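Only one structure is covered here, and it is reproduced in the block below.
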Amino acid sequence: MTIPTKLRLTASASGASTSPAPSPIRTRLVLPAVLVTQLMLVLDAAIVNIALPDIGTQLHMNSTSLSWVVNAYTLTFGGLLLLGARAGDLLGRRTTFLAGMAVFVAASMAGGLSQGEGLLLASRALQGAGAAFAAPSALAILMSLYKPGAEQTRAVGWYTVVSASGAATGLLAGGILTSVASWRWVFFVNVPIGLAVLVAGYRALSRDKGVHGSVDVAGALLVTVGMSSVVYGFIRAASDGWLESGTLAAFGVGLSLLVAFLVVELRATSPVMPLRLFADRDRATAYVARLLLVAGSLGSFFFMSQYMQIVLGWTPWQSGLAFLPFPVTIFISSQVVARVVSRHFSTRTIAVVGTGLSTVGMLLLTTLTAHTTYLQILPAFLVFALGNGIAFVPLTTAGLARVDKADTSVASGLVNVTQQLGGALGLAVLVTVFATAGKHPAAAHGAGAHSVDVFVTGADRGFQVGALLLLVAFAMVLLVMRRSPGGAQQRRAADPVEQLRDTEEIALEVG
């Protein structure tokens, strides 16, 4: 299977007709609106990182509270994504997309105006909820604009650029905004951009009708609260130890709720996460590999942003600017993959190369010392970025390939779920490893030599665990993904009905 050939939705064998192509004007409006939306939603998980010290000083928040400025967003985003995807099916993608963006913009304004910890954390959670409803509909809308083939693959390539480079772009934007204006502008910047997206979406998207069905609210709440409890367990372990009663209780409650979530999904009439989506081996591998790739990658941004400020003594805007090669490399590599490489190599081959290079880049980062310069870091950074840019295109494609029409929105949601929950879990795990590597990690520019050494030791341990996560992703892609078409694809070749369905490809119409 190559990337351009199988990313499709098949019509029924009788009576299917090709949907009219969207007008060029509408396409020109929708495509940038969707890409800008995805960029906003992804980078918002990272844009606050460099601003956290200023936020903590002004709002008198301790380190544990500050960690929830990031996690309140990623957990509600990831936990409610599948519910947002289902809402797109029931209410219509246009309605769901516009409503989600409106909530996101309003919450961003509230976050920037926050005068205390409570309002800030509540606004971050509300931002995540709005993002959860906007993101899956945005991806489904993007897929509906193009027929399967080269054009759709290029669109996936653009989507990959903003998804994979969003975190690094967020660090760059956060550093500049914090230095030039204030930490409040990491929230305010979403308001004018979000309003422009709302206007473009309102004008360009046709009204579409939802389908009748039920909403699996219980499943959405169980997975959100369960994941939050597990993440809290990691954060509690970093400060109080792995065997502390609160830590064990958090892990116990979280795992119990996640088990209950699986039970509910098996019995629900309209599950928020249909487990049948994992029946396809390539698709299931793509979901898990994407989660591990993001989990290992996000820690590198977290540690590197602090390394540049604590060890190298750089300002926030200098640290943010240092991340610029990352999104540039991802942009170039993902576009080459989408436009050229995907025509000649299979999804599995490209994914193996991408995850392999990402692993090598992370391993190179484990060589950091208190005396390492930026120029010595840069080669590892570029290899790591190159791997990410290559890997995310096939993993996105495989996650959406051969999905039935009824499951399109949910499958799109799962692509984002793995990214957001992978980021939250990965950050929690790596920060815990970092914190337990030394008793007194550095926390300010003026830290002494001993504190700097402790910070570097903790970051090195974090990079090692991140590399291990990426290595598991590489092994899964290498050993589990199929080498050549088989199974359902062979049946299509032998079954004339399946062949007819393949010839009657349609793109979902946005309205």
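These figures come from a predicted structure and were not determined experimentally.
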For Val186 against Ala51, the heavy-atom pair lying closest together: CG1-CB, 4.3 Å
So does Ala33 get a backbone contact from the side chain of Thr37, meaning a donor-acceptor N/O pair under 3.5 Å? yes
Leu258 side chain reached by Val223 side chain, heavy atoms, under 4.5 Å: yes
Smallest heavy-atom separation, Phe261 atom then Gly219 atom, equals CD1-O, 3.2 Å
Sub-3.5 Å donor-acceptor pair from the side chain of Arg184 to the main-chain atoms of Ser114, do we have one? yes
Ser123 side chain to Leu120 backbone, donor-acceptor under 3.5 Å: yes
Flag if over 12 foreign heavy atoms under 6.0 Å of OH, Tyr202: no
Between Val36 and Ile193, is any pair of side-chain heavy atoms under 4.5 Å apart? yes
When every non-hydrogen atom of Ala125 is compared with those of Thr76, the smallest separation belongs to O-OG1, 3.1 Å
Within residues 115-142 or reaching into it, pairs that qualify as salt bridge (Lys or Arg N to Asp or Glu O under 4.0 Å) - sequence neighbours excluded: Asp44-Arg124
Residue pair Phe392 / Val337, side-chain heavy-atom distance below 4.5 Å: no
Any side-chain heavy-atom pair from Val393 and Ile350 closer than 4.5 angstrom? no
Met61 vs Val69, side chain to side chain contact (heavy atoms under 4.5 Å, CB included): CA-CA, chis, key distance, verdict: CA-CA 10 Å; Met61 299 174 65; Val69 175; 3.7 Å; yes
List the atom of Ala380, the atom of Leu364, and the distance in Å for their closest heavy-atom pair. CB-CB, 3.4 Å
Nearest 0.5 angstrom please: Phe384 CZ to Thr359 OG1, how far? 9.0 Å
Distance (rounded to the nearest 0.5 Å) between Leu291 CG and Tyr287 OH: 12.5 Å
Between atom CG of Leu469 and atom OG of Ser358, what is the distance when rounded to the nearest 0.5 Å? 12.5 Å
Using modelled atom types and a 3.5 Å cut-off, is there a donor and acceptor pairing between side-chain atoms of Thr96 and backbone atoms of Ala87? yes
Step-by-step side chain to side chain contact (heavy atoms under 4.5 Å, CB included) determination, Met308 to Ile377: CA-CA 11 Å; Met308 292 171 186; Ile377 299 171; 5.6 Å; no
Quick one: are Val353 and Val341 in side-chain contact, heavy atoms under 4.5 Å? no
Go through the steps for Phe133 and Phe104 under the test side chain to side chain contact (heavy atoms under 4.5 Å, CB included), then give the verdict. CA-CA 9 Å; Phe133 282 79; Phe104 180 83; over 6 Å; no
Leu395 and Ala289: which non-hydrogen atoms are nearest, and at how many Å? CD2-CB, 4.1 Å
Any heavy-atom pair between the side chains of Tyr73 and Leu41 that's under 4.5 Å? yes
CG-OG distance between Asn388 and Ser297, expressed to the nearest 0.5 angstrom: 4.0 Å
State the CZ-CG distance between Phe187 and Leu113, to the nearest 0.5 angstrom. 11.0 Å
Can you confirm whether Phe278 sits close enough to Arg283 that some side-chain heavy atom of one is under 4.5 Å from a side-chain heavy atom of the other? no
Are any of the side-chain heavy atoms of Met40 and Val189 separated by less than 4.5 Å? no
Rounding to 0.5 Å, atoms CZ (Phe326) and CZ (Phe331) come to a distance of 15.5 Å
Could you walk me through whether Leu470 and Leu292 pass the side chain to side chain contact (heavy atoms under 4.5 Å, CB included) check? CA-CA 6 Å; Leu470 297 181; Leu292 294 171; 6.0 Å; no
If you look at every heavy atom in Gly194 and Val105, which pair is closest and at what distance? CA-CG2, 3.6 Å
